[in-house]
Asker: 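The following block contains the structure, expressed as structure tokens.
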Amino acid sequence: MSRNRIELPASPEQVFGVLIDPYSFPKWVVGAKRIRGIDPDWPRPGSAFHHTSGAGGELTVKDKTEMVTMNPPMSLVLQAYLRPLGIVRIRMLLERGATEGTTLFTIREAPAPGTKMTRVKKLLDPALYLRNKKSLQCLEKLIRETAPGPESAAKAG
């Protein structure tokens with residue numbers, strides 16, 4: 001299982017809002033290209049958003065990501081379809097950070113039980129770790145650009 005952590009400069013509520021917004025997905029998830037559609041009942045468990053993914057260039061695939069469970073604003077579990085490779089389960093945990101107004105964010109990603117990706121788990125984990133490391137850097141940048149923090153409050157006041 002790939003596990004990455006980062007402390008983000010926003011409250012768990014603000015971070016959770018970014019995480020469940022499908023339109024933010026391509027802005028921070030490495031490999032996500034664009035959102036093609038969102039089920040009308042998103043983010044209800046079982047609903048999905050549909051996206052195009054790819055490693056680069058013109059080679060892309062049409063995939064979807066489903067909501068498995070959520071406990072706002074502290075956790076959510078998603079299931080991402082990575083055709084033709086299989087399905088991964090993504091667990092996201094949000095905890096109040098060490099500093100006021102921050103969030104300790106942990107993402108764990110592994111092949112979903114019973115999928116063909118479990119056979120290549122040992123090869124997949126390092127790749128997921130590196131991808132998620134970059135994704136969390138992108139998430140931090142997005143949070144800094146969108147979440148009101150102490151700096152923006154000082155400028156406004």
Side-chain angles (χ1 to χ4, degrees), residues 1-35 38-39 41-56 60-99 101-147:
M1 174 185 301
S2 165
R3 179 179 174 272
N4 298 73
R5 291 184 109 175
I6 191 170
E7 189 158 7
L8 298 167
S11 70
E13 294 80 9
Q14 291 165 322
V15 174
F16 193 87
V18 171
L19 297 176
I20 64 165
D21 175 7
Y23 291 107
S24 75
F25 189 75
K27 296 175 184 175
W28 72 274
V29 176
V30 172
K33 301 296 180 202
R34 68 180 186 84
I35 300 301
I38 303 167
D39 289 355
D41 54 348
W42 176 263
R44 186 183 59 75
S47 65
F49 61 91
H50 307 267
H51 51 88
T52 302
S53 300
T60 60
V61 292
K62 293 179 179 177
D63 281 320
K64 71 176 182 176
T65 296
E66 285 181 353
M67 178 66 71
V68 177
T69 62
M70 66 174 176
N71 179 22
M74 303 316 281
S75 66
L76 65 146
V77 178
L78 301 173
Q79 189 157 278
Y81 292 74
L82 306 173
R83 292 180 189 94
L85 302 174
I87 304 169
V88 294
R89 184 72 50 107
I90 306 151
R91 300 177 191 284
M92 300 181 201
L93 177 65
L94 297 87
E95 303 170 80
R96 301 234 176 251
T99 307
T102 65
T103 300
L104 183 59
F105 177 65
T106 304
I107 184 169
R108 293 183 176 127
E109 190 168 357
T115 65
K116 59 185 171 183
M117 288 181 75
T118 56
R119 288 181 262 160
V120 295
K121 183 182 176 319
K122 289 188 186 222
L123 297 172
L124 188 62
D125 282 349
L128 289 174
Y129 175 82
L130 291 173
R131 194 227 23 203
N132 286 338
K133 181 177 179 180
K134 178 64 176 166
S135 290
L136 292 187
Q137 291 169 348
C138 294
L139 178 60
E140 180 179 25
K141 182 177 186 248
L142 178 62
I143 293 288
R144 287 186 185 281
E145 292 171 353
T146 59

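The analysis underlying the following values was restricted to heavy atoms, covering all of them including side chains, and did not include hydrogens, waters or symmetry mates.
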Asker: Under 3.5 Å, is there a donor-acceptor pair between the side chain of S135 and the main chain of V30?
Answerer: yes
Asker: Mind checking side-chain hydrogen bond (donor to acceptor under 3.5 Å, both in side chains) for D39 and listing every partner two or more places apart, or none if nothing turns up?
Answerer: H50
Asker: For W42 and I20, indicate whether the former's side chain and the latter's backbone hold a donor-acceptor pair under 3.5 Å.
Answerer: yes
Asker: Let me confirm one number: the CG-CD distance from L104 to E95, rounded to the nearest 0.5 Å.
Answerer: 5.0 Å
Asker: For Y129, is there any backbone N or O sitting under 3.5 Å from a side-chain donor or acceptor partner on S2?
Answerer: yes
Asker: Of the non-hydrogen atoms in D125 and E109, which two are nearest, and what is the gap between them?
Answerer: OD1-O, 4.5 Å
Asker: Check V68 against P45 and note the closest heavy-atom contact, atom names and distance.
Answerer: O-CB, 3.3 Å
Asker: Tell me yes or no: between the side chains of N71 and T69, is some donor less than 3.5 Å from an acceptor?
Answerer: no
Asker: Locate the shortest heavy-atom distance separating D63 from L82; write the atom from each residue and the value.
Answerer: OD2-CA, 3.8 Å
Asker: Return the set of residues passing side chain to side chain contact (heavy atoms under 4.5 Å, CB included) with K141 (not counting sequence neighbours), or none when no residue passes.
Answerer: E145
Asker: Mind jotting down which residue pairs meet the side-chain hydrogen bond (donor to acceptor under 3.5 Å, both in side chains) criterion with at least one end in residues 18-32? Sequence neighbours excluded, please.
Answerer: none
Asker: Can you name the ring pair (Phe, Tyr, Trp, His ring centres under 6.0 Å) partners of F25, sequence neighbours left out?
Answerer: F49, H51
Asker: So which atom in T99 and which in T102 form the shortest heavy-atom distance, rounded to 0.1 Å?
Answerer: O-OG1, 2.6 Å
Asker: Only counting residues at least two apart or in another chain, list the ones meeting side chain to side chain contact (heavy atoms under 4.5 Å, CB included) with E13.
Answerer: S11, P73, R96
Asker: Could you measure the distance from the CG atom of N132 to the CD1 atom of I107? Nearest 0.5 Å is fine.
Answerer: 4.5 Å
Asker: Tell me every residue that passes salt bridge (Lys or Arg N to Asp or Glu O under 4.0 Å) with K133, counting only those two or more places apart in sequence or in another chain.
Answerer: none
Asker: Looking at residues at least two apart in the chain, or sitting in another chain, which of them share a side-chain hydrogen bond (donor to acceptor under 3.5 Å, both in side chains) with E140?
Answerer: R144
Asker: Please examine the side chains of M92 and L78, heavy atoms only from C-beta on, and report whether any two atoms are closer than 4.5 Å.
Answerer: yes
Asker: Test of understanding: with salt bridge (Lys or Arg N to Asp or Glu O under 4.0 Å), list the residues that count as partners of E7, not counting sequence neighbours.
Answerer: none
Asker: Restricting to salt bridge (Lys or Arg N to Asp or Glu O under 4.0 Å), what partner residues turn up for R34, sequence neighbours left out?
Answerer: none
Asker: Checking side chain to side chain contact (heavy atoms under 4.5 Å, CB included) for the pair L19/L139: CA distance, chi angles, key distance, verdict?
Answerer: CA-CA 9 Å; L19 297 176; L139 178 60; 4.2 Å; yes
Asker: Where is the tightest heavy-atom contact between I6 and L136, given as atom of each residue plus distance?
Answerer: CD1-O, 3.6 Å
Asker: Considering all heavy atoms of both residues, which atom of D41 and which atom of S47 are nearest to each other, and what is their separation?
Answerer: OD1-CB, 3.3 Å
Asker: Mind checking what makes ring pair (Phe, Tyr, Trp, His ring centres under 6.0 Å) contact with F16, not counting sequence neighbours?
Answerer: none
Asker: With sequence neighbours excluded, tell me which residues meet side chain to side chain contact (heavy atoms under 4.5 Å, CB included) with R108.
Answerer: M1, R3, R91, T106
